[in-house]
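The structure under discussion appears below in the form of structure tokens.
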Amino acid sequence: MNEPVFREAYGKVVATLIRLTGDWQLAEDCAMDAVESALARWPRDGMPANPGGWLMTAARNRAIDQLRRAAMADRKLRDLALLQDHEPPPQGDDRLRLIFTCCHPALAMESRVALTLRTVAGVETAEIARLFLVGESAMARRLSRAKAKIAQARIPYRVPSGPALAERLPSVLAVLYLLFTRGYDGEPDLAGEAIRLARLLPAEPEATALLALCLLQHSRRATRADEAGDLVTLEQQDRSRWDHAAIDEAVGLLGASPVTGPYAIQAHIAACHATAPSFEATDWPTVAGWYDQLARVHPSPVVEVNRAVAHGYAHGPRPGLKLLAAVGDALDGYAPAAAAAADLTERAGDRGAAAELFRQAADLAGSDAERRALRKRADAISKQQPMRCKN
């Protein structure tokens, strides 16, 4: 079965059946039954002209059968019977309702992410378990508890409006950005799914900014690693291979939306990098200014590390090192902080200390690819062949 078709249709089917039946498990079971039926029939009969409608009809029929066997011939059955072989009549986006339900702040963040992946995106429980580094049965229990909490707390199945939307939207944005960053760090399909879901969000400034930010970062996906899987520095990436259509879309989104929060600021930083014709032509003073603003509205040690790097390129390595030193021990053991110190130290002229700092950063790295890149950087400095700026 075509994976994009499955991703797109599964969430719609589940969301619609949840709205009509109020039964999460029934909706998921019937959607999966429809998928299994498609896997058996489509290779033989060919993919239908409207695969989403085919899956919706198959899932609806399965739900009707189960409800009839359970002697529940009530309005749920009547509502289900209204669905035909086409998309349901416009009633708002059921997937958007489902996203807001899955991302309710009453649930723990990991539960929100897992439930969104399983219910909205149709990711298999085993795959979600792998992402969270837990067993499949443990993840199944976590998902069951999350759905039970939604039922017990009577979390409404709707998109909030007015002040309630402003209160709930940050939780949804946080979940989608976490989904995106997991994908950006090694699961490209997840990053693409986060972008697809972000397109469903209300046209609020920070939601628009999040979409722009994801598009800008994802535009470099083809150039972030070489054929051996080693990381390629931002300076060395082939900018002609970046997704310039995505960059143009993101820049257009930012131009039409005010800067209201941290996602917008981060998106403008990403746009500075994405629109620079070369690494050397990056407008580092503007990047540093955006980081100053981000540190005011969303202070964190991680932001301070990136701010120090930006100031190091805008105003010289020593001001950057001074800002980095102000972070203190807050990021002990954090590889990017050690790498930032190494980069700034190299640019300040102390190659020996820089090489040692890069080796320390490599020892702290969380992935083999990052570890190899940092050690390669240390070796290059030792041979007086410096490389710059990890992506």
Could you grab the distance from atom CG of Leu55 to atom CZ of Arg60, nearest 0.5 Å is fine? 12.5 Å
Using a 4.5 Å cut-off on heavy atoms from C-beta on, say whether the side chain of Leu357 contacts that of Glu346. no
Measuring only between side-chain heavy atoms, which start at C-beta, is Arg95 closer than 4.5 Å to Arg196? yes
Given 3.5 Å as the limit, does a donor-acceptor pair link the side chain of Arg377 with the main chain of Phe358, or not? no
Sequence neighbours left out, what passes side-chain hydrogen bond (donor to acceptor under 3.5 Å, both in side chains) with Asn61? Give chain and number order. none
Thr116 side chain to Cys102 backbone, donor-acceptor under 3.5 Å: no
Any non-hydrogen side-chain atom of Leu190 less than 4.5 Å from a side-chain atom of Leu117? yes
Let me see the working for Arg351 and Glu356 under salt bridge (Lys or Arg N to Asp or Glu O under 4.0 Å), right down to the final yes or no. CA-CA 9 Å; Arg351 292 181 179 276; Glu356 180 57 30; over 6 Å; no
Backbone N/O of Trp284 and side chain of Thr282: donor-acceptor pair under 3.5 Å: no
Row check, Phe279 ring normal vs Arg239 NZ/CZ: under 6.0 Å, within 45°: no
If you count heavy atoms of other groups shown closer than 6.0 angstrom to NE2 of His244, is the number above 12? yes
Give, for atom CG of Leu107 and atom CZ of Arg145, the distance between the pair rounded to the nearest 0.5 Å. 11.5 Å
Does one hydrophobic cluster hold both Val287 and Leu324, with members joined at side-chain heavy-atom distances below 4.5 Å? no
Separation of Leu179 CG from Leu197 CG (nearest 0.5 Å): 7.0 Å
CD1 on Ile381 to CG on Asp343, rounded to 0.5 Å: 8.0 Å
Exercise answer: donor-acceptor pairs, residues 245-253 side-chain atoms, under 3.5 Å, sequence neighbours excluded:
unit_1: Glu249; atom_1: OE1; unit_2: Arg199; atom_2: NH2; d: 3.2
unit_1: Glu249; atom_1: OE2; unit_2: Arg199; atom_2: NH1; d: 2.6
unit_1: Glu249; atom_1: OE2; unit_2: Arg199; atom_2: NH2; d: 3.4

Applying side chain to side chain donor-acceptor pair (under 3.5 Å) to Thr125 and Arg130, what does each step give before you reach the verdict? CA-CA 9 Å; Thr125 301; Arg130 186 185 67 79; over 6 Å; no
Pairs where residues 165-178 contributes a residue and the test salt bridge (Lys or Arg N to Asp or Glu O under 4.0 Å) is met, not counting sequence neighbours: none
Any side-chain heavy-atom pair from Glu370 and Leu374 closer than 4.5 angstrom? yes
For residues 252-275, the side-chain hydrogen bond (donor to acceptor under 3.5 Å, both in side chains) pairs (sequence neighbours left out) are none
Who are the salt bridge (Lys or Arg N to Asp or Glu O under 4.0 Å) partners of Asp368, not counting sequence neighbours? Arg371
Would you say Arg221's side chain and His218's backbone share a donor-acceptor pair under 3.5 angstrom? yes
Run the side-chain contact (heavy atoms from CB on, under 4.5 Å) test on Leu115 and Trp24 for me, step by step, so that the C-alpha distance in whole Å, both residues' side-chain angles and the decisive distance to 0.1 Å come before the verdict. CA-CA 11 Å; Leu115 199 58; Trp24 286 59; 4.1 Å; yes
Closest non-hydrogen contact found for Leu165 with Pro202 is CD1-CG, 4.3 Å
Spell out, yes or no, whether Ile150 and Ile99 are grouped together once hydrophobic residues are joined by side-chain heavy atoms under 4.5 Å, including indirect joins. yes
Return the OG1 to CZ distance between Thr16 and Arg97, rounded to the nearest 0.5 Å. 8.5 Å
Check the pair Arg359 / Ser382 against side-chain contact (heavy atoms from CB on, under 4.5 Å), numbers first and verdict last. CA-CA 11 Å; Arg359 292 188 183 96; Ser382 297; 3.1 Å; yes
Could you list the residues that satisfy ring-ring contact (aromatic ring centres under 6.0 Å, His included) with His315, not counting sequence neighbours? His311
I need the Met109 CE to Ser171 OG distance, nearest 0.5 Å. 5.5 Å
Taking the side chain as every heavy atom from C-beta outward, state whether Ile18 and Thr119 have any pair of such atoms under 4.5 Å apart. yes
Looking at Thr181 and Leu178, what are the two nearest heavy atoms and their distance? OG1-O, 2.9 Å
Heavy-atom closest pair, residues Ala354 and Thr345: N-CG2, 3.8 Å
Who are the side-chain hydrogen bond (donor to acceptor under 3.5 Å, both in side chains) partners of Gln360, not counting sequence neighbours? none
Any side-chain hydrogen bond (donor to acceptor under 3.5 Å, both in side chains) involving residues 149-160? Give me the pairs, sequence neighbours left out, ordered by first then second residue. none
Between Pro51 and Trp42, is any pair of side-chain heavy atoms under 4.5 Å apart? yes
Any cation-pi pair here, Arg142 with Phe132, using under 6.0 Å and within 45°? yes
Tightest non-hydrogen contact, residues Gly229 and Ala369, listed as O-CB, 3.6 Å
Side chains of Pro105 and Arg112 in contact at under 4.5 Å (non-hydrogen atoms): yes
Taking only residues at least two apart or on different chains, which pairs with a member in residues 311-325 satisfy salt bridge (Lys or Arg N to Asp or Glu O under 4.0 Å)? none
Cut-off 3.5 Å, side chains only: do Gln237 and Arg224 have a donor facing an acceptor? no
Counterpart residues, side-chain hydrogen bond (donor to acceptor under 3.5 Å, both in side chains), relative to Arg62 (two or more places apart): Asp33
May I ask you to decide if Glu124's main-chain N or O and Arg118's side chain share a donor-acceptor pair within less than 3.5 Å? no
Show the atom names and distances, to 0.1 Å, of all donor-acceptor pairs under 3.5 Å that link a side chain in residues 301-309 to residues at least two apart or in another chain.
unit_1: Glu304; atom_1: OE1; unit_2: Arg307; atom_2: NH1; d: 2.9
unit_1: Asn306; atom_1: ND2; unit_2: Val302; atom_2: O; d: 3.4
unit_1: Arg307; atom_1: NE; unit_2: Asp292; atom_2: OD1; d: 2.6
unit_1: Arg307; atom_1: NH2; unit_2: Asp292; atom_2: OD1; d: 3.4

Applying side-chain hydrogen bond (donor to acceptor under 3.5 Å, both in side chains) to Glu136 and not counting sequence neighbours gives none
Take Arg296 and Tyr291, measure what side chain to side chain donor-acceptor pair (under 3.5 Å) needs, and give me the verdict at the end. CA-CA 9 Å; Arg296 289 192 293 271; Tyr291 270 116; over 6 Å; no
Minimum heavy-atom distance between Leu216 and Ala267, given as atom pair plus value: CD1-O, 3.3 Å
Is the shortest side-chain N to carboxylate O distance from Lys12 to Asp94 below 4.0 Å? no
Side chains of Trp290 and Val259: does their closest heavy-atom pair fall under 4.5 Å? yes
Where Cys214 and Tyr177 come nearest, the two heavy atoms and their spacing: SG-CD1, 4.2 Å
Consider only side-chain heavy atoms of I, L, V, M, F, W and Y, link residues closer than 4.5 Å, and tell whether Val14 and Leu39 are in one cluster. yes
